Amino acid sequence: MSIKLFLFLLNFGHIDNFQYLCAQFLKVHDKTMTNKITGAEALMRSLEAEGVTTLFGYPGGAIMPVYDALYDHQQTLNHILVRHEQGAVHAAQGYARVSGRTGVAIVTSGPGATNTVTGVADAMIDSTPIVVISGQVGAAMLGTDAFQEVDVVGMTQPISKWNYQIRRAEDVAWAVSRAFYIARSGRPGPVVLDFTRNAQVGEIDFEPAHVDFIRSYVPVPKPNMEAIREAARLINNAVKPLVLVGQGVELAGAQAELRAFIEKAQIPVGCTLLGLSALPSDHPLNKGMLGMHGNLGPNVMTNQCDVLIAIGMRFDDRVTGNLKTYARQAKIIHFDIDPSEIGKLVRPDCKVIGDCRQTLNALLPLIEETTHQSWVDGFAPYAEREYNKVIRRAIHPTEGPLLMGEVVRAVSEASRHEAILVTDVGQNQMFAARYFQFSHPRSIVTSGGLGTMGFGLPAAIGATFGAPDRTVCFFCGDGGLQMTIQELGTIMEQGAPVKIILLNNNFLGNVRQWQAMFWQKRYSFTPMQNPDYELIARAYGIPARTVVERADLDGAIREMLATPGPYLLQCAVMEEDNVLPMTPPGSNVDEMLLEV
């Protein structure tokens, strides 16, 4: 109703009820004047509706309307300004991994968007729920090679769970709700929203959206009870069963169900890299890590068990070794939420598709209480052999330079095995995974499938926001730290309490190890000339200390953990130390080298 019409009706008495007339005018006036919002503002309200409280991002021209809208939402949306867009995505990953919530990154178009690709691919292969929102040129400019235009949808389609280009402000609420639903449901993963500038500035009558159903998308398949009964039959008849635990247990929140199952049937367990904190390290049935640098017992026993029960893991090549000889003697049961993983690499005798929390709950009443004592005891000789040949030297050396393993174990013990472990990629990652110990779930954040150097520092920042009540210990090498070292600026600005343990061996250590073992020690471009990391940390206002002597290690760790906020502890470690045991590439999983 216009003002002219209002005055006409009032003057000529066409409406007797003046109060009714005023109410109608105000209702229409309010709808036309106050309910119209921009697409950028609609994004803010949609994020709030999804329960988002923390964002990681970096502004730019094509995303500026969003950042302008964000200016008025700082009380509800805590934006963390990173120093590089790759850091935004890795920080969102770290946040998601420890909190169980969906991480969010916001970047601009062109190079801002392309800088996120590594993180999106990393999140995809490691099943991490994140939503990446990139700015884009206006819809009318698409395909014209406009300034900072790039085909974000085309680039990210193969490496994301879903992506979508928002070209109209009217589609914002629906697209955001759908993005979060897809990212966190079923097998989690990354979603990319490419947000054109015209959609950001266009005005709409905003209505919240709630997407909880998509035709043809079945995120959690209904458990097949016949398959579960067959799994129970195989398990109950097993003499030498072995459980392999992957990150799927953590993603499903099935830690208690896993524990009830293995304790009822007394079955030993081996864990993948990303599944290490699904079961406490000191649990008597936890026999250690699987894979190329895993523990001897679970790897050898994989090729001796009669029933292999894989739960929430995907039979990665670093776990299986030579597929032609992998567990050929065993009946294989595969529990997984993603049907595409079943039989992709290892053909199971029984496939149980579904959320492993649901399937384990259905399985548990069918499992007989039993003991496999002689089988469980059979792991002890392998553990003793590994301890005497490898572990004793790695964590309790008596002479020589500091070793990575002893630093890791010392930090773990000083934090009472309660801290969150974040790693970069390389020898630091493998030593940390082997010798850090866990007592709580969701306590390991590392780049598994993609092996992204530079992942660790921003992921550790994200972890401090995802679990602010816990200590975050970040282990890195001198090579990986330099790949995203600019994120020290984010730590400085936010005061993010990341405890950085730099294991400095002046090498690209993992590549050097392979060169030593398989390339006749031809160290081609793996020695590193490093800067003064302690000086760099201090330039960012981060307390720092360097340890060279073993006698100073424990005191330095205590100082680091007692210091509020961030800290960098640089440890000068043995230059040519090797991660052992090791299954050489292409070898059988049980052909582990204990010495070189």
Side-chain angles (χ1 to χ4, degrees), residues 273 276-277 280-282 286 288-289 293 295 383 386-424 426-440 443-446 456-457 460 463-464 470-478 480-481 497-506 509 533-534 537 542-581:
L273 174 64
L276 281 173
S277 64
S281 301
D282 62 358
N286 189 344
M289 185 169 73
H293 290 297
N295 293 105
E386 182 182 355
Y387 182 83
N388 291 330
K389 285 277 190 179
V390 178
I391 297 175
R392 188 201 306 273
R393 170 192 171 275
I395 64 174
H396 297 303
T398 57
E399 57 185 8
L402 283 170
L403 299 179
M404 293 191 192
E406 71 172 311
V407 175
V408 170
R409 180 56 63 87
V411 172
S412 183
E413 290 177 349
S415 61
R416 301 184 301 279
H417 312 306
E418 294 180 348
I420 291 172
L421 168 68
V422 183
T423 83
D424 207 72
Q427 285 187 317
N428 66 88
Q429 178 186 36
M430 292 296 99
F431 274 116
R434 283 183 55 81
Y435 298 120
F436 206 85
Q437 295 187 307
F438 306 97
S439 58
H440 300 290
S443 291
I444 181 167
V445 180
T446 190
L457 184 59
T464 64
R470 298 187 63 190
T471 300
V472 174
C473 294
F474 164 52
F475 288 86
C476 59
D478 43 308
L481 179 60
V498 180
K499 308 303 183 184
I500 304 168
I501 302 96
L502 170 59
L503 304 174
N504 190 347
N505 59 5
N506 297 303
Y533 290 106
E534 188 175 341
I542 299 171
R545 179 174 174 178
T546 298
V547 173
V548 177
E549 300 297 331
R550 181 164 289 112
D552 299 328
L553 179 62
D554 288 342
I557 293 172
R558 286 194 299 270
E559 178 182 306
M560 174 185 71
L561 295 176
T563 301
Y567 193 100
L568 185 142
L569 176 60
Q570 177 178 216
C571 297
V573 296
M574 181 178 178
E575 287 194 347
E576 297 188 54
D577 196 8
N578 293 320
V579 186
L580 294 168

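Just so it is clear, the model here is predicted, and its values are computed rather than measured.
Remark: Phe438 engages Phe436 in a ring pair (Phe, Tyr, Trp, His ring centres under 6.0 Å) (not counting sequence neighbours). In this view, Arg392 and Tyr387, Asn388 satisfy the side-chain contact (heavy atoms from CB on, under 4.5 Å) rule, not counting sequence neighbours. Every residue meeting the salt bridge (charged side-chain N to carboxylate O under 4.0 Å, His left out) condition with Asp577, not counting sequence neighbours, appears here in chain and number order: Arg393. Partners of Arg545 by salt bridge (charged side-chain N to carboxylate O under 4.0 Å, His left out), not counting sequence neighbours, listed by chain and number: Glu559.
Heavy-atom minimum distance, Phe431 versus Val408: O-CG1, 3.9 Å. The minimum heavy-atom distance between Asp478 and Leu502, with the atom names listed, is N-CD1, 3.6 Å.
By the 4.5 Å heavy-atom criterion applied to side chains, Val548 and Leu402 are not counted as neighbours. Residues Ile500 and Met560 have side chains not in contact (no heavy-atom distance under 4.5 Å, counting atoms from C-beta outward). Side-chain atoms of Ile557 and Leu553, non-hydrogen and from C-beta on, do get closer than 4.5 Å to each other. Residues Arg434 and Pro581 form a side-chain contact, since some pair of their non-hydrogen atoms from C-beta on lies under 4.5 Å apart. Side-chain contact between Tyr435 and Ile391 is present, with heavy atoms from C-beta onward closer than 4.5 Å. Residues His417 and Pro280 have side chains not in contact (no heavy-atom distance under 4.5 Å, counting atoms from C-beta outward). Residues Leu273 and His293 fail the side-chain proximity criterion, which asks for heavy atoms closer than 4.5 Å.
Only one option out of Thr471, Val472, Thr563, Thr464 pairs with Pro497 in a side-chain contact (heavy atoms from CB on, under 4.5 Å); it is Thr464.
Residue pairs meeting the salt bridge (Lys or Arg N to Asp or Glu O under 4.0 Å) criterion with at least one partner in residues 415-424, sequence neighbours excluded, are Arg416-Glu418. Each side chain to side chain donor-acceptor pair (under 3.5 Å) pair with one or both residues in residues 398-408, not counting sequence neighbours, appears once here: Glu406-Arg550.
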- request: Show your reasoning for whether side-chain contact (heavy atoms from CB on, under 4.5 Å) applies to Leu457 and Cys476.
  value: CA-CA 8 Å; Leu457 184 59; Cys476 59; over 6 Å; no

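Looking at Asn295 and Glu386, their side chains do bring a donor and an acceptor atom within 3.5 Å of each other.
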